[in-house]
Structure formats: C-alpha cells, structure tokens
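Below, chain A is the first sequence line, B the second, and so on; all start at residue 1.
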Number of protein chains: 2
Amino acid sequence: METSITNSLSIGDYLIKRLMDLGVRHVFGIPGDYVLGFDKKLSESELEFINTCDEQGAGFAADAYARLKGLGAVCITYTVGGLKVANTTAQAYAEKSPVVVISGSPGIKERHKNPLLHHMVKNFETQLKVFEELTVASTVIKDPQTACDEIERVLSACCRYKRPVYIELPRDMVSVPIVERRGPPEKEDVASDPNALQEVLGEAIEMINQAAKPVIIAGVEIQRFRLKDQLVKLLEKCNIPVASTILSKSVVDECNLLYMGVYEGAMGHESVREYVESSDCLILLGTFMTDVNLGMYTAHLDQNKTIYVTSERTSIRYHSYEDIKLEDFLQGLIDTQIQRHKPRNFPRPKPPEPFSAVEGRKMTVSRLFQGLNSFLADDSIVIADVGDALFGGSDLFLGCETDFISSAYYTSLGFAVPAAIGAQLADPGRRTVVIVGDGAFQMTGIELSTVAKYKQNPIVLLFNNAGYGTERPLQDGPFNDIHPWNYSQIPKIVGGGKGFVINTEDEFEVALAASLEHKEGFSLLNIILDPYDISPALERLTSYLAKRVHQS
Amino acid sequence: METSITNSLSIGDYLIKRLMDLGVRHVFGIPGDYVLGFDKKLSESELEFINTCDEQGAGFAADAYARLKGLGAVCITYTVGGLKVANTTAQAYAEKSPVVVISGSPGIKERHKNPLLHHMVKNFETQLKVFEELTVASTVIKDPQTACDEIERVLSACCRYKRPVYIELPRDMVSVPIVERRGPPEKEDVASDPNALQEVLGEAIEMINQAAKPVIIAGVEIQRFRLKDQLVKLLEKCNIPVASTILSKSVVDECNLLYMGVYEGAMGHESVREYVESSDCLILLGTFMTDVNLGMYTAHLDQNKTIYVTSERTSIRYHSYEDIKLEDFLQGLIDTQIQRHKPRNFPRPKPPEPFSAVEGRKMTVSRLFQGLNSFLADDSIVIADVGDALFGGSDLFLGCETDFISSAYYTSLGFAVPAAIGAQLADPGRRTVVIVGDGAFQMTGIELSTVAKYKQNPIVLLFNNAGYGTERPLQDGPFNDIHPWNYSQIPKIVGGGKGFVINTEDEFEVALAASLEHKEGFSLLNIILDPYDISPALERLTSYLAKRVHQS
C-alpha cells in the first residue's frame, strides 16, 4: 500500500488513486445522477471512462479486462445501473475474475425518514444485499473515518480471491475528505501452514515420483493467480505432460512441447481422454471440477490417483489439507526433489493445416474453425461466446502468445462482443478475434457501437445457425428459433466497421483475409450455417452419449 | 380458484393453467437448458411464448403487459437469464407491476454434494436470495406435495400486492405430477377493519364536506388495483377536481371535465400547482409520494390538510389508521353522504392545437410534443422512456381511451421499446407510440427485432439529442455523450419497419403521417434535436430552481 496519502484527498480521489496503484487504467460504465460526481472525478483523472451502450456491456467488458490485466472496474448508478450488472458480476464470481463494482447511490443525508427517492426498490439496502450474494466483499462508504479502511479491505479481498467486490459510494461522500487513516491494515495471515505444506509436498512428491504415467491438468486459477511462469518451470523440471480444461485453454502455451490439449471427457479428443484417464497420477492444479470442464460428466477421473490443489482446497486421494496456498504448493514442487520423468509418447494437438477453400462449397462449422485456425496470428486474443462457438473453439490450435477467453463455466450468452472491448483496452497491441453465435450476438452484439466509438478493430465471426443451436439437440421447439438479422449491415448503423456475408468457403477465405488487412475498424463476418450443423467437439460428445445410451 | 384440478396434472402444467386462469396469454423470455422442459410445455399450451433478443427485453415487456393486463410473466433460465431480469423485476417492485418471474434451475436430484453445475454462482440458493430482495413472495418448487400450495401462495401475493413474485422450477420438477392437493388455501383476512373504516370515513367525509376547495390527487394504484371506474363514480358524485401524478398520468381520462392535469410541483403547470397547493383539503388516493412525483421536491403539500390513502397506509393529517383497504375507502366515499361540491373554476389541460409545420424550421423538443399531440389517436398507448421523453410527455393531452405508461418512479432507462412489445400483445387493437431518448434506445432499442418478429407496428419517436440530455444540466462531461447511430437504418437490419430521419418540422409532419398510415410494421423516427434543448416541463423546473437559488 502507498503511504503518501494525505488527509486532503477526497474519498472519490482516494478510490481512483488505489485503482491506479493496482494497475487499472480504464473504467467501464454508464453515468446516472447518483454517480455523476464520481464520473466527473473519473473524467478528470488518468483513468479513462469507457461508455458502453448498456450496463451489461460494461460489466462484461470489465470482466474480460480483469482477466487480462489482473483487475477491472465497472462504474454505474444505483439499481437501474447496478442491478443490470448483477449477471455479469455473478459470472465474475463464478469464474474468478477480479472486478470492482462501483455504484453511486443516494446520499446518506438524503436517506433520513426513508423517502421514496427514484431508483429505490425496497429500501436503501436492497442493492447491497443483492451484491452480498454475488461478491466476495462489499461495503457502503458511509463515514469518512472508515472510508479508507473499507476501500482497502474490499480491494484486498478482490485481489486475494480474484473475485468481484462491491463498493457503494453515496453521492454525498464522493468529495468528502478522508478525515483519518489508520495506516495499512494488519496483514492477514494468508501464508500456507508450513507443517501442512511440508506434509502435503512430501506425500505429493512421493506419489508423483513413483508414478509411471503422471499427468498435470492445469486449471484456470493458474491464469487468475498469475502462476503461468511457475507452471512452466515445473513442467521443465518434471517433464510431465499437461492438459488444460476448456475454461483454462491457453493457460499453457499450446506450442509447449509437453502440452497435450484440452481434457474435457468425451467432448475432448479421444487420445487426450484415454491418456488422462489411464494415468496413474493426476495432478490437478487450480482446476475447477465443473460439469462443462468434465465434458458434461463424461469424464472419468479416479480420485484414488488424484492430487488436487486449488486456492480453495487441497486434497490427495480421499484426504484433504487445510491452509495450503496454490502458489506455495507449486513453488514447493519446483524447489524440492521432484524427479524428471522419462520421455513418453503422449498426444499432441494437431497444428492447423493451411486452409484451402473449395469454391462454392457451403460453409460448415468444422470448416469455419479450420479456416480460422490457419489465419490466427500467434499473439491473438480469442474470445469465444457460449455454445458451439466455445465447444468448437476448444479445438483451435493457438499460437504461443494467444489468450483464449470464455465463459466456459458460468456460460452466460452474450459475453464475447463486450468482452472484446475490455480485452483490446487491456492489451491494445494484439488483435482480438470473437467467435459468437447469433443468439448471443442478439443480446449484446450492438456493443459494436462501443467498439466503433473507441476505434477498436476486433474480427467478429458470427456463427449464424438461425437459433440457439446447442439447445436443439436437447429439446427443440419454436423457442429456439431467432429472428433473422442482416448482421453485415450493422456497420451502417454504428459506423467504424466492415460487414461481410458468407455462404461459401471461398467467401470466407476472402473475408478473413480482408478482415486481417482491415486494421482501422472492426470486421463482422456473418457466416451462414446449417441450423443443425455442429462442431467436431459437440459431435464427439453427442456420439459418445449415444453410444452410452445404446450400451445401457 | 378452480376446483377441477386432477392429480394427473404435472407441476409445469398446473402453473401454466393457473397463469391462464389469471388472464395471462403471453409469456416473455429466452430459453436455456434448465428451463427447456417448461418451455416445451409452454409451446404446447395455449400460452404464447414470446422470444426477445435479451432477457432484459423480456422483463420490461412482461412489466408493461402486467400493467395493462393485470398480470404478466417472464420465463428465463437459471442465473444467466434470471439475474438479467433483476433490474426489470426491481422496477416492477418499485412501481407495483404484478410480474411472475419463472426461472428454470438445476434439478433437485442434481444438487447432491453441491457439484459445480454451469450457471452456478455461490450455491444453489444464490438466485433465490437475490429475488427475495426484489419480490413480494418467492418459492423454489422442491416437492410435489407442496407445489400447488406454494404456487397459489406466491401467485396470490402477486395479485394482492401488485408486485413481482419469483417461482423457481428445478428442471426435474416440471413433469412431476402433483401428488396431493389440500384444496384452496385458507382465505387470508384481507378485508378492512370495519370499525377503523367507519372512523376514517367519518373523519374524511367531514373534512371533505367542510372544505371549500378540495382536490383529489389520483395515484397509480388506482390503475394497478383496477379502481378507475370507482374513481369516476366518486368524481361524478362529489364534483371535486382531480389531478394525476406523472407516474399515474392517464389514470383519469384527460377528457374528464374534472381533470386538471398532472400535479408535479414546479415541473407541472403553474396553474395546477397553484390550485393544488392552495387547496384546503387534499385527497391523495393511491399516490406514491416519490421525488419525481413531487417534482424533485418542489411540491408543497400541507400534511395538515391531507387525507392520504394507499394500499399500504392510511393517514389523515398527522394520525394514521391500520387495516384500511383503498377500494373499501373509495367505495365508502361513494356510498356515504359525501356532498356534491359547487362548481368552481379550476385549471384544465389545454387540448392540442392543430400542428402546422414551418417548412425548414429545425425541430425542437417543444414542437416534437406539439406535433405528436395533434396526431395522437384517442385510443393510443403512449410509452415514455426516462428522461425528457417522460418529462415532456407529461404535458401531452391524451384522448379518452389513451394509456400512458412510464417508469416515472424507478426511472430505468431502456424500458420503452421492450414495453411496447408487451403493451401491443396485451392490447393488440390499439396503436402504441413510444417516446425514447437516444441513450435509452441504445440500451434496448434493438428489441425492435422482436417487434419485427411478431409483426407489431409501434411508432417510435427517437428523441436524438446526442447524449444523456437530462444529466447535462446536473453535471456535464464526455461521459454524457453517446456514439451517433444511423438509427433510421435499423429496419435494414431487423426488417419489419420503416425508418425516417427528421431535421425539420415539415419532415416531422410528413413522417408522422406516413407512420400512422404504415400499419404493417414499426416506424422509427430519428428526430435530431439540439443537445441542450429541453422540454417545457423541464424548463419550468429549471427556472423555478434557478429562482429559488436566486432568492436564497
């Protein structure tokens, strides 16, 4: 914590300063009367305020920004803004993205006798109570005496748990000077228990060293807790092959020679599934055991062979340890006598082949991903929306510096386009590629307006299968059909981009090349697909499940 | 309650049947895997499922539908759908709109050992806890034995309090037959206390009869509790002039000869303000005393002269009564010896003058409302979004059968376009007219796609002042600017409509006439205004506040 804070700083300025200290440079949101004072301070600060079309877009953008940058912030007005980011905050909670939700609210002095001020629901605490369910820490800044400590407590929880927090700033508090400051808060004891750590490391190393076919499954916490370098060191030392999950895809560079691909039960490649499930020592590091990560429970991981360490719990086989930090465990493996395993044959992801379009041939999902893969630059940021955009995207072979961002656990449709706004601001040097279904696009795709406003240049591949494609196999009905749009005309509404209509492979090839060239604005490729066409990944899952039904 | 329920009805079918019994014919929403089973049942029922682009649109549409029809329903999937309607449900709570929120969720049998199922936030109760803060009753249907009673309890609260409720339907409960049914629930005692009612009526009537210049202010509960006919009877009997509030505009037909106009402190017409504030007996019936209704607290109502009766509380001067129902009080006034007051002079709203466009003259906010007023059919449904669209709209002189719908207390931007979808389905014989600012339009205006899908024909007047216009006078900054769109091109994206660009009065006149003629689809009028131009109503408020500052 900085120590140069003076008493003359206002609460609003203090919050801005602390966000800056923690690496935030952009705040996403929409103004409103209860937050205008803070917005004004933001506009006068070094933080850039990014106006989206709707608060939902701001929430998703801040989430993507947080994933890449380590911290993100969304700033909205009371309830009519705040409750619109309930869902995006829930996603940040579920997938561990450190987003600071800053909400304006009626002034403390205005609350006397509970008047019916606009934007109020049940009482002045309603929004706070909602966000208590969706965040890891929350506060209403009511008192300049405690404002500093409260801001520190909440920001510290955000950074520590990599989960969203809620700061409510009543409008009459924004310009109030901080009266008193008790100095940095007592450091919470967050170190691992040294005895427990020694024991778990001893047990884990013995198990790993004795294993003939150990496997690491690297989870998304490796990315969230910034442990990629440590993981690489461990891999170099122990020579154990590593898989990712769909949620953590890109947590290991795919060109790393120990990388096998995405493990996700029957949805992943059979060779990866076979290797992982026949391993005699599964080392799960920062992995969420979600239904999606486990290929909708088609995964078979033997707990009796498993070492499972996350920021929240640590277990080996059927017993568990308390107070073990993921990074300490990882460092412990690196620092101690873990053996270098002998080289073995294991699956490797197939690098993309050059895509040669067949003229006049109708586009398919499978060819969409093949074509994209052959065009993807090594340092892209790929953002997949929920649905087959995500499932199919799991098969992409990504370059060494590519990030893959998705809502692969919470699976909220409509994340990808606004996420691209946050991603490009977090890392402006790289090209952002969005893969999004038409259902998701109709929810938030109009945020291309914000893309145009800030002169960004994502390439948006719109997976147009005329409906909620992944729901059709589950239960079809007219509710899965969506209204057709002339998506490629959207640049005519919002400016700043080029639109393409794509029916055939050659049109796709031409449009992809043109999009890569077109760096001054966004490109939107409306790729027309058969409504019942699915990706190879979804095909694998479906045929596995069909076989299982057949056998039973 | 119907008594023909048989044991073979499933929980899902029972819920559908009860919604039908209560007058619901359309359910708004978006499918998702946890709710697909119920969606299928909906699609096979007589209820029509209306797919919007985003859940936010469904929530707002259901709210408007509920206001007109007496009950509305939104049906969405767990969290990624549900939390997106947190804000629209909060609005329904704040403004008393009876909306049933139906959410799918993971099956009860899937919840064993707390697995990380997709869409989960903290635990399986997260969404329930959020909706407990935003509704008047909520339930998770976990047991076929109690399912019926739970559904009845919650629906009954919705109808009684005119506020939203939450029904969570785990996906493995949808098709389970109702095992047992205890019969209709015990009737809750909701009648007025007869002694209290007699006393309050006696006191009120004496006060009214003695008054020389009584005034009624009819609030929005008159509309919500379906008491318009009773109010008209009372007016006929007592000959007392009546004002509405901005939230309750259209609760009294504006051609009623006792109607004075909208009372809203300094924002309303000075003549109405003067008459109301000099009254010696203020009769407030079902009125919300909100900051907006009170013209941002520029209203001066003397509590010592006030009779205040709502569904929640009853008071005369400084004392209050318990257990008085608004409808019983109203009926009591009609049934007892209330005197017929002598005719007096009081303000009357000015009927619109014929609009004659001045060729080439730039459009202004004031002329926009004048032009609209001269064109409005008597049976229109006018929906005003938040901002100057609403403030200016309060001056419209509405025909006898016109409904005016707005979010005039909760003031959530983006309500109007999706509300038009709900309104037209609730009352398809009438023409819907939307007045919406560009800021609000960028949030939800793309729901014109849903309008096109269902072949609706609202006339949308887009109040294009290049930003959040009502915020500029409060605190201006770049955050109030919004990205320009070619709004009139939207029909090219979503189909089903005509777009107009309007700079001048004559263009406006031509476009309005063409829109009225164009009944096959929507019309979108992009009306370009000066960013700092404001409505006469907002002008009145601003100049009053300026005077007050000057005097102090």
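To the nearest 0.5 angstrom, Ile490(A) atom CD1 is 9.5 Å from Ile490(B) atom CD1. Between atom CG of residue Leu134(A) and atom CG of residue Leu83(B) there is a gap of 6.0 Å, rounded to the nearest 0.5 Å.
When heavy atoms are compared at a cutoff of 4.5 Å, Asp39(B) approaches chain A by way of both its backbone and its side chain. Both the backbone and the side chain of Tyr409(B) come within less than 4.5 Å of a heavy atom of chain A. Of the atoms belonging to Ala408(B), not a single heavy atom falls under 4.5 Å from chain A. Proximity to chain A is limited to the side chain of Val292(B), based on heavy atoms less than 4.5 angstrom apart. Neither the backbone nor the side chain of Thr77(B) comes within less than 4.5 Å of any heavy atom of chain A. Only the side chain of Ser43(A) comes within contact range of chain B, with at least one heavy atom under 4.5 Å from a heavy atom of that chain. Neither the backbone nor the side chain of Gln127(B) comes within contact range of chain A; no heavy atoms are under 4.5 Å apart. With a threshold of 4.5 angstrom between heavy atoms, Thr88(A) does not approach chain B through any atom at all. For Leu413(B), the part lying under 4.5 angstrom from a heavy atom of chain A is the backbone only. With a threshold of 4.5 angstrom between heavy atoms, Phe479(B) approaches chain A through its backbone and through its side chain. Both the backbone and the side chain of Ser449(B) come within contact range of chain A, judged by heavy atoms closer than 4.5 Å.
Considering only heavy atoms from C-beta on, Ile446(B) comes within 4.5 Å of Trp485(A) through its side chain. In this structure the side chain of Asp54(A) never reaches within 4.5 angstrom of the side chain of Thr444(B), judged on heavy atoms.
Taking both residues in full, the closest heavy atoms of Leu36(B) and Glu471(A) are given as CD2-OE1, 3.7 Å, listed atom of the first, atom of the second, then distance. Between Lys84(A) and Gln56(B), the closest heavy-atom pair is CE-OE1, 3.0 Å. Residues Thr79(A) and Asn87(B) approach most closely at O-OD1, 3.3 Å, considering heavy atoms. The shortest heavy-atom contact between Asn51(A) and Asp481(B) is ND2-O, 4.1 Å. Here the closest heavy-atom approach between residue Leu117(B) and residue Tyr297(A) is recorded as CD2-OH, 3.4 Å.
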What verdict does the side-chain contact (heavy atoms from CB on, under 4.5 Å) test give for Cys53(B) and Phe441(A), after you've listed the backbone C-alpha separation in whole Å, the side-chain angles of each residue and the deciding distance to 0.1 Å?
CA-CA 9 Å; Cys53(B) 295; Phe441(A) 189 89; over 6 Å; no
Can Asp33(B) and Tyr468(A) be said to form a side-chain contact (heavy atoms from CB on, under 4.5 Å), step by step?
CA-CA 10 Å; Asp33(B) 66 342; Tyr468(A) 302 109; over 6 Å; no
Chi angles and distances behind the side-chain contact (heavy atoms from CB on, under 4.5 Å) call for Met443(B), Ile30(A):
CA-CA 10 Å; Met443(B) 291 177 174; Ile30(A) 288 186; 3.8 Å; yes
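Between chain A and the residues Ser488(B), Pro478(B), Ser412(B), the most heavy-atom pairs under 4.5 angstrom are made by Ser412(B). Taking Gly414(A), Pro484(A), Ala94(A), Ala452(A) one by one and counting their heavy-atom pairs under 4.5 Å with chain B, the maximum is reached by Ala452(A). The choice from Glu44(A), Met120(A), Gln489(A) that makes the most heavy-atom pairs within less than 4.5 Å of chain B is Met120(A). Ranking Gly477(A), Gly82(A), Ala90(A) against chain B, the residue ahead of the rest is Ala90(A), based on heavy-atom pairs under 4.5 Å. For the set Met289(B), Lys122(B), Gln91(B), the count of heavy-atom pairs under 4.5 angstrom toward chain A peaks at Lys122(B). Among the candidates Phe288(B), Tyr93(B), Phe49(B), the residue making the largest number of heavy-atom pairs closer than 4.5 Å to chain A is Tyr93(B). Most heavy-atom pairs under 4.5 Å with chain A: of the set Thr450(B), Thr135(B), Leu42(B), Thr470(B), this distinction falls to Thr135(B).
Side chain of Lys40(B) to main chain of Asp476(A): a donor-acceptor pair is present (N/O by atom type, distance under 3.5 Å, no hydrogens or angles). A distance-only check finds a donor-acceptor pair linking the side chain of His119(A) to the backbone of Tyr410(B) [under 3.5 Å]. Not a single donor-acceptor pair under 3.5 Å links the side chain of Lys492(A) to the backbone N or O of Ile493(B). With hydrogens and angles ignored, the 3.5 Å screen pairs a side-chain donor or acceptor of His483(B) with a backbone N or O of Val494(A). A donor-acceptor contact shorter than 3.5 Å links the side chain of Asp291(A) to the backbone of His118(B).
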